[in-house]
Amino acid sequence: VDAQFRRSGSNRSRSVQGQTSSGHPKNSLQKKRDLIFVPPSFKFTTADPVAAAVAMAPSPPSGGRGVLLLTAAIAGIGGALLGYDVGAIAVIINMDPFCDIFLPSGNHTCTPPPDKQQEFDRMQSFIVTALVAGCAGGAIVSSKVADSPLGRRGTIQLACVLVCLGAVGQCLAHSFFLFNLARAVAGTGIGFSSALTPVYIAEVSEASNRGMMVTFNQLSMTGGIAVAFWVGWALQKDTHGWQWAIAAQCLPAVFLFVGLLLLPASPRWLAQRGRTTTARKNLISLGRTAAAADEELRQIAEAISEEQGAGYILADPLLVKCVAISAALQSFQQLTGINVIMFYAPKLFTAIGIHNSELLATAGFGVINFLSTFIAFFFLDRVGRRVLLIGGGVVMALSMGTIGALGTVYYDDATSSLKSSTAGWACIVAVYTFVSAFAFSWGPVVWLIPTELLPTSHRAKGVAISTATNWVWGIAVARFIPGLQDQLHFSLYLVFAGLAVVMATFVAVFVPETKNKSLEEISMALGGPGRGLSGKAERQPLLVNAE
């Protein structure tokens, strides 16, 4: 330790006065304290100065806000892993060459005869469900991996590997079983990335721009959907077009894997593991000034110290409440009906009356979905989370109500489409309006809020639970919606309209506003972690481990 002290601190030690404020010479321990960063909340034990002295390093130059933007933009590519698959599979399951191999209809097309329609729909829904089931499993496991030495970045890189393996497996599969097995593998990777990409971005961001930074995840997701729609539309007549469309999913995975090698580890994950010096360096490299980094690290250290008194999530009423709110929001995201629109858009447009350009119309609202996300990007940190969720919920309710009402009145069972072209165009406008409203509200905000409500020690676990809830509902939607569509037709959209009203009401009553607050301030405002059933915080000293 003395040798390390001499090597690392000799230059700085010359500038340190050899006297304390009372005029007495400083001893070795006091000198070491002067030479290292010590947040005020730290309670030193005899082991602490030794470990801290080993970890001591000079302050690096600030990276500027551009580094934070670049970090969020690269990490946000994780959203494209999900978005591209959602867009691609919606088009692929309506490509004739694909259906001829995996969804045989008897006529080498994706239009089966009436006696095979039900079986055809069931197999289509199973293809969608296979990925979603993998996502649910991946989300549940993600917290264990993310809190391990692999960390947030390593877990997302593991997700990239799984997505590529799954994509290759789908391209090479020649049976329905193997194709869906490969989709489950890819889904596991997407489950990892969907749970941890928002967590990582939130943990590296500042309170004033956290909403904007996490929205990069949704921008990549909607961008992936839009690109996949257009890729599928361009390749729809190619015999191997479906394989090229799936293989292209490896591109964002490779970019993300390589990009993460250049990004800093989450400062909060580092601090939780006692690596405070690296945590401080990373905060500064992400654009904080040295003083701001010290203050933020002090808050993180205090929060982690408080959280050491926290037990299992289910043992703390506060944590249960936060997880319940997060899980409810994630459940509502699926119940907005967005995946019904995304996965089965061509079928919807055919029912509205677009018979020859349904894939083109589907690709069009992929663009609307992407562009509307910029509303959240620029206004989420200005107007707040609640305003966007409530406003978006109201617009979605009106849109779904319009589709349901017009479709119910004008639907013709004989032709399986609307009798009025005017009503059809009104429904198309309503669909685009719904997608736009979702893109600036329940799309990005629902991925953000769970990362804000949950404390550092339980963030990965709590977000994993809420994300898994999203995917479990996704399984239900993918499994039962095709049958409900065949039975209820446009009345199903009236159900989604009613659910949108319930969602907006839930936010107004239960969801707190979190804009412009640090993650630690949010935790303390909600009551603070580690208070347990007694309501009293159980403080423990936070030890600093050698790196």
Side-chain angles (χ1 to χ4, degrees), residues 72 75-76 78-79 81-82 132 134-148 150-156 158-159 187-205 210-211 213-218 220-221 265-269 271-272 300 303-304 307 310 312-314 316 318-334 385 389 442-474 511-512 514 517-520 522-523 526 529:
L81 303 183
L82 169 59
V132 178
C135 291
I140 292 173
V141 176
S142 65
S143 66
K144 289 289 185 182
V145 186
D147 285 333
S148 73
L150 197 60
R152 277 58 160 149
R153 290 183 309 166
T155 305
I156 299 174
L158 176 61
T188 302
I190 293 174
F192 281 177
S193 65
S194 65
L196 294 177
T197 297
V199 169
Y200 172 77
I201 298 175
E203 289 187 342
V204 302
S205 301
R210 187 172 55 248
M213 296 299 105
V214 175
T215 304
F216 272 111
N217 176 65
Q218 187 69 14
S220 293
M221 192 181 302
S266 163
R268 286 166 172 82
W269 176 79
Q272 186 180 8
I300 294 172
I304 293 175
E307 291 163 21
Y312 294 105
I313 287 180
L314 295 180
D316 192 317
L318 172 65
L319 293 174
V320 170
K321 178 182 178 181
C322 292
V323 171
I325 292 174
S326 301
L329 290 174
Q330 292 278 15
S331 301
F332 283 143
Q333 188 189 65
Q334 285 287 347
R385 286 64 163 148
L389 286 175
W442 287 82
V445 182
V446 166
W447 295 108
L448 169 64
I449 289 182
T451 68
E452 297 180 318
L453 294 183
L454 292 152
T456 299
S457 61
H458 291 89
R459 184 169 295 123
K461 298 182 184 69
V463 172
I465 293 172
S466 65
T467 304
T469 304
N470 184 307
W471 294 120
V472 169
W473 277 103
V511 178
T514 55
K517 295 182 176 67
S518 72
L519 298 177
E520 290 69 38
I522 294 170
S523 178
L526 290 171

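Evaluation of the side chain to side chain donor-acceptor pair (under 3.5 Å) rule for Trp471 yields Ser194 as partners, not counting sequence neighbours. A search for salt bridge (charged side-chain N to carboxylate O under 4.0 Å, His left out) contacts involving Arg210 returns Glu452, not counting sequence neighbours. A search for side chain to side chain contact (heavy atoms under 4.5 Å, CB included) contacts involving Ala146 returns Arg152, Thr155, Leu196, Ala460, not counting sequence neighbours. Every residue two or more places apart in sequence or in another chain that forms a side chain to side chain contact (heavy atoms under 4.5 Å, CB included) with Pro444 is listed here: Thr215, Gln218, Ala376. For Val141, the side chain to side chain contact (heavy atoms under 4.5 Å, CB included) partners are Val145, Phe192, not counting sequence neighbours. Under the side chain to side chain contact (heavy atoms under 4.5 Å, CB included) criterion, Ser331 pairs with Thr469, Trp473, sequence neighbours left out. Contacts of Ser266 classified as side chain to side chain donor-acceptor pair (under 3.5 Å), with partners at least two apart in sequence or in another chain: Glu203.
Ile449 places a side-chain heavy atom less than 4.5 Å from the side chain of Arg385. Two residues are said to be in side-chain contact when any heavy atoms from C-beta on lie closer than 4.5 Å; Trp447 and Gln333 meet this criterion. Leu454 has its side chain out of reach of Lys461: every pair of non-hydrogen atoms, C-beta onward, lies at least 4.5 Å apart.
Here the OG atom belonging to Ser518 is positioned 8.5 Å from the CD1 atom belonging to Ile300, to the nearest 0.5 angstrom. Taking CD1 from Ile201 and CD1 from Ile156, the interatomic distance works out to 7.5 Å, rounded to the nearest 0.5 Å. Considering CG of Asn217 and OG of Ser193, their distance stands at 8.0 Å, rounded to 0.5 Å. Once rounded to the nearest 0.5 Å, the distance linking OG of Ser466 with CD1 of Ile325 reads 11.5 Å. Residue Ser142 holds its OG atom at 9.0 Å from CG of Asp147, rounded to the nearest 0.5 Å.
Checking each of Val463, Ile465, Thr467 against Pro450 for a side chain to side chain contact (heavy atoms under 4.5 Å, CB included) leaves exactly one that passes, namely Val463.
Residues in residues 320-329 take part in no salt bridge (charged side-chain N to carboxylate O under 4.0 Å, His left out) pair, two or more places apart or across chains.
Under a 3.5 Å cut-off, the side chain of Thr197 and the backbone N or O of Gly79 do not form any donor-acceptor pair.
Across all non-hydrogen atoms, the minimal contact from Ala72 to Met213 is CB-SD, 3.7 Å. Residues Ala464 and Ser143 share a closest heavy-atom pair of CB-CB, 3.8 Å. Across all non-hydrogen atoms, the minimal contact from Thr451 to Leu519 is O-CD2, 3.8 Å.
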